[in-house]
Amino acid sequence: MNTILDHLNPPQHQAVTHTTGPLLILAGAGSGKTRVITHRAIYLITSGTARADEILAVTFTNKAALEMRERVDALLSDVGRPEDSTKITLSTFHSLGARILRRHADRLGLSWNFQIYDDQDQYKVIRNLLQSKDMETDTTSIRRMSAYIERMKNRGHSPEKAHEFAHNQQDEDNAWFYEDYQKQLRQDNCLDFGDLILGVLEIFRKDPELASAYSKQWRFLMVDEFQDTNPAQYELLSYLTSEHNNLAVVGDDDQAIYRWRGATIANILGFEKDYKGATVIKLEQNYRSTQVILDAADDVIQHNSGRRDKKLWTDKTGGEKISIFTASDEREEAQYVVEKIQIMLARKELSPSDFAIFFRTNAQARQFEEQLRFAQLPYQIVGGTSFYQRQEIKDLLAYLKVALNPGNQIDLLRVINTPSRGVGDGTVNKLLNAAQVPGIDSVYDAIRFLLGADFTFDGELKLIEPNPTDFDHDMSLEELEKMRTAQLEGIKDFYQNLQHLRDDLLHFESLAEILRQFIERIHYLAYISSKYPDSAEDKARNVGELINAIEEFEKSYDEEDPPPGSFLEEDLIESSSSMLSDATAVRKLRVFLDQSALIQNTSTGDDEPDDLDNGRVTLMTVHGSKGLEFEVAFLVGMEDDLFPSIRDSTDSEELAEERRLAYVAITRAKQKLTMTNARRRRIYGSFKENTPSRFLLDIKPERLELDPKSVVNKIDWRTSSKKKSMRAAKEISDEERYFSDGQIADANFDFDQSMDLDLSAQEQDFDEFSQVADESWAYDMDDDGFDVSQDVDDDNNELVGQTVIHKSLGIGQIKAISGSGDMASVTVDFPTSGEKTVIYKFLKIIG
DNA sequence: TGGTTCGATGATGAG
DNA sequence: CATCGAACCA
């Protein structure tokens, strides 16, 4: 009768039909936990226990959330209730936090248009703050501080709590810094990732009634990957379940791999202590891998203590042995893997998407990427630098973010001189100093103050006029007044562009079109092609992709009813009086920016469309692989020091976590697992001799088979004599020479001749491209920017319009001049790179 | 002031 | 080897 319960094994059935009260599901790898969560959600609805809008399911990654959404939707249409799809809340921890905070931003001293700083931005905030305190700004100081702040936030500690917990001077100093950091973020009207959880906690702690209200709204909670929750998230869950204790958590202590992110395995090990009377169900039947693979995983994880007792089994007995291959170096390792994939593709009924390569660190990806490209196999790298982290994307989004939230200092400083406008460090520092003045509060205000006297913008936005009398005698402001014309012009240009953008956001609906025009107006493409000639093509393509992404987003936003993130929409109207918040483009922009901050993209290795049926080989870190499965998996770089990678040898928990990581990786493979390593590996440019991973040696030999192509004849080559002794001897001598005179390595680098050819082809493409670009990106409304030459000294006017030549920028026309003599600042319009301010003496007048 | 080059230095990893 | 900051040149 109830199709939802068909095809579930007994423990799964028990988990799905357990409706109220705390529930802990210990789900081994591949035991069908997503199945249990999704089926349980549907069962809650169809059994009449819950309404769809009372269900909240939380995951860690967007990938997991997306997959769950798809499966829930499919099940809902099976049971004839597709309309419930949008009512179930299915979210990552961080987007959940963002959504709640949007509603109550004012309680944290933020306004509705707050934005989310990413790690990069966070570093900049810390750096600026350290600098303003005359402290060291080297990367280790920044990292240490950011690690401290993150640690506090992961534990749910606000600055006040951090002070309480400080037991020495160091901690006390850090806590002070943390406090200032938080103040800065508030001033910028921004949050960091940690605040997405901590901020909600602070609100709930102050107003438990509000927490209760949420708890009454979501009466049934489910949490995936519970072993990776940190104390802050755990506290958040306790608030959200305070009214009912209907919390079902799913996890596997053997797959806890985010301790370094503050996750604590104690949450899952001690669940029954906090949630009295919790039902515990173990899912131990594995539906993914062969027995050999499961046994190998068990061999590795057995060495850990303090585990929940469980043992995976499968009815797929036997299976192929695990192949081991040892290469002489990392190049050979990659060649082997790719060759192996090609052979299997030819022999078996597999497609590229059935293969995955897992590595411990991202840096290892490069070799495999090269080999795959060489073999012309399609591949994708999951993780890596996200699309939204790329410089050109961050630049453009920064403009949009500042337009929405001028308090966003980090993004404002990012683009105040992008493209170059003659606003250098000195000028920025003056603005930063002025921003310290009470009553000014932000760099944006400082700019308005600076331009306030003789500057009016005749657009729609009427901004509050600063009141100069308050600060007349302040040094910082005097500095501003003394600013030179060239810099002032640059700042004015920036401000005008920004206001123009804000104005467009108010008056036009198409975000993509607004951005397109803005890019043209600031000559952004010309700027990147002059500043980054080598990567301009890529960057321009990314800019195009950003516009496409926005267009696509707009399409779904306009179609869907309610639009994605509608949960955010309703409250904004009441909580903001600004006219900015009413404009369609502004609303769309805010949702888009949230989405881009919270969603990590994947990047593919080439430009081919994704619609090939056979898909791509997947490359990812072991961390990224959790929750996924592949017919054939390669686990590469199995060497001590790389995997396990031990940073602190006194920390035994670290080795345990590496072991769990290995357990995760091994259990991704369905049919066949291959593990590889290299005897020596280039690291930081020099070679390092390695030994096989201890995890490899933990696996019982009967499950392994060493590929005879290996350069050694034993898996544990530490004691082995070399099989190909001549070759090995040669390697050693190469290496000795390398270390003695440091010049020998060249011979190794003649890897891919075709790359040289590509280079010249690229240069040609590039020339062609920049010509095309100027036209195809043209703004169709005939506006060619602002004329900033109006208030230039009359003496210089005769030079305006002259054609000049500059050694690096080429030929251009003088637009404006300020100052006199050789050191005068001259604004020149270069056709290839847009307007630049240069010093007069470096120009040659050619008529 | 800005652009370029050179040398030092550094690599784990959700959102 | 890639990225980043400092020194230097235009």
Side-chain angles (χ1 to χ4, degrees), chain A residues 59-65 91-98 116-119 122-123 127 137-140 143 150 153-154 191-197 224-225 228-230 233 257-263 359-367 382-386 388-389 391 417 419-428 484 486-487 490 530-533 594-600 620-627 637 642-647 654 657-658 661 664 682-686 745 749 806-809 819 822-826 833 836-844:
Chain A
T59 63
F60 274 83
T61 65
N62 288 300
K63 210 159 47 189
S91 168
T92 64
F93 267 106
H94 288 90
S95 4
L96 179 70
I116 301 162
Y117 278 155
D118 65 18
D119 295 359
Q122 191 186 345
Y123 265 46
R127 167 180 258 287
T137 56
D138 56 312
T139 37
T140 39
R143 291 170 74 102
E150 201 174 84
K153 291 188 174 180
N154 285 335
L191 294 174
D192 64 16
F193 277 118
D195 285 335
L196 294 177
I197 309 297
D224 191 18
E225 307 284 10
D228 289 330
T229 50
N230 63 34
Q233 289 156 340
I257 56 175
Y258 286 110
R259 193 179 72 106
W260 52 274
R261 277 265 161 165
F359 31 81
R360 179 66 183 80
T361 71
N362 267 318
Q364 293 167 257
R366 197 187 164 72
Q367 292 292 333
V382 178
T385 327
S386 133
Y388 289 100
Q389 298 280 84
Q391 175 183 214
N417 200 33
S420 312
R421 299 187 173 89
V423 184
D425 281 353
T427 313
V428 166
R484 303 216 356 233
Q487 282 67 256
S530 89
K531 189 157 184 193
Y532 308 99
D594 266 9
Q595 219 173 74
S596 61
L598 292 166
I599 288 175
Q600 191 195 334
M620 54 169 55
T621 62
V622 178
H623 280 91
S625 76
K626 189 160 66 154
L642 183 59
F643 196 6
S645 121
I646 304 293
R647 321 175 77 180
E654 195 168 271
E657 178 139 321
E658 292 289 313
L661 209 43
V664 167
R682 248 193 124 94
I683 193 134
Y684 304 148
S686 59
F749 279 126
H806 182 276
K807 192 168 179 200
S808 56
L809 295 167
D822 273 359
M823 295 307 288
S825 300
V826 186
S833 47
K836 299 269 178 189
T837 304
V838 289
I839 305 297
Y840 180 75
K841 69 170 176 179
F842 299 129
L843 292 170
K844 192 173 170 185

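Bear in mind that the values here come from a model prediction, so they are computed numbers and not experimental data. Residue numbers start from 1 in every chain, and the chains themselves are labelled A, B, ... in the order their sequence lines are given, proteins ahead of strands.
Between the CD atom of A:Q595 and the P atom of B:dG15 there is a distance of 14 Å, rounded to whole Å. As a whole-Å value, the separation of A:I116 CD1 from B:dG15 C1' is 9 Å. Residue A:D118 contributes atom CG, which lies 15 Å from atom P of B:dG13 at whole-angstrom precision. Here the P atom of nucleotide B:dG15 and the CD atom of A:E150 are 13 Å apart, to the nearest Å. The separation between A:N154 atom CG and B:dG15 atom P is 15 Å, rounded to whole Å. A straight line from CG of A:N362 to P of B:dA14 spans 7 Å, rounded to a whole angstrom. Going from atom CZ of A:F93 over to atom C1' of B:dG15 covers 12 Å, rounded to whole Å. Between the CZ atom of A:R682 and the P atom of B:dA11 there is a distance of 19 Å, given to the nearest Å.
Contacts of A:Y258 classified as ring pair (Phe, Tyr, Trp, His ring centres under 6.0 Å), with partners at least two apart in sequence or in another chain: A:W260, A:H623. Considering only residues two or more places apart in sequence or on other chains, A:F60 meets the ring pair (Phe, Tyr, Trp, His ring centres under 6.0 Å) condition with A:F93. Checked against side chain to side chain contact (heavy atoms under 4.5 Å, CB included), A:N230 has the following partners two or more places apart in sequence or in another chain: A:N154, A:A232, A:Q233. With sequence neighbours excluded, the residues forming a salt bridge (charged side-chain N to carboxylate O under 4.0 Å, His left out) with A:E658 are A:R360, listed by chain and number. The side chain to side chain donor-acceptor pair (under 3.5 Å) search around A:T229 returns A:N267, not counting sequence neighbours.
Residue A:R366 places at least one side-chain N or O under 4.0 Å from the OP1 or OP2 atom of C:dA2. Here A:R143 reaches the OP1 or OP2 of B:dA11: one of its side-chain N or O atoms lies under 4.0 Å away. Within the structure, a side-chain polar atom (N or O) of A:S420 is placed less than 4.0 Å from OP1 or OP2 of B:dG3.
Separation of atoms CG (A:L196) and CG (A:L598) is listed at 6.5 Å; rounding is to 0.5 Å.
Each of A:G424 and A:R261 was matched to the nucleotide of DNA chain B holding its nearest heavy atom; the match closer to the 5' end belongs to A:G424. Nearest-nucleotide mapping onto DNA chain B: of A:G426 and A:G194, the residue sitting toward the 5' end is A:G426.
For the P atoms, the distance linking C:dC4 with B:dG13 amounts to 15 Å, nearest Å. For B:dT12 and C:dG5, the C1' atoms lie 24 Å apart once the distance is rounded to whole Å.
Both geometric conditions, a ring-centre gap below 5.5 Å and a plane tilt below 30°, are fulfilled for A:Y258 over the base of B:dA14. An aromatic stacking contact links A:W260 with the base of B:dG13, defined here by ring centres under 5.5 Å apart and ring planes under 30° from parallel.
Side-chain contact between A:H94 and A:I116 is absent, with no heavy atoms from C-beta onward closer than 4.5 Å. In this structure the side chain of A:T361 never reaches within 4.5 angstrom of the side chain of A:F643, judged on heavy atoms.
Contacts of A:V423 with the nucleic acid, taken as non-hydrogen atoms under 4.0 Å apart, involve only primed sugar atoms and P, OP1 or OP2. When heavy atoms are screened at a 4.0 angstrom cut-off, A:D425 is found touching no nucleic acid atom at all. Within the nucleic acid shown, A:D119 comes within 4.0 Å of at least one base atom, counting heavy atoms only.
The nucleotide whose nearest atom lies closest to any side-chain atom of A:H623 is, among B:dT1, B:dT12, B:dG2, B:dT12. Taking the side chain of A:T61 as heavy atoms from C-beta on, and the options B:dA14, C:dG5, B:dG13, the nearest nucleotide is B:dA14.
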Quiz item: For DNA chain B, what is the dot-bracket line, given that a base pair needs Watson-Crick (N1 to N3, plus N6-O4 or O6-N4) or G-U wobble (N1-O2 and O6-N3) geometry with both distances under 3.5 Å, and | means paired with another strand?
Solution: ||||||||||.....
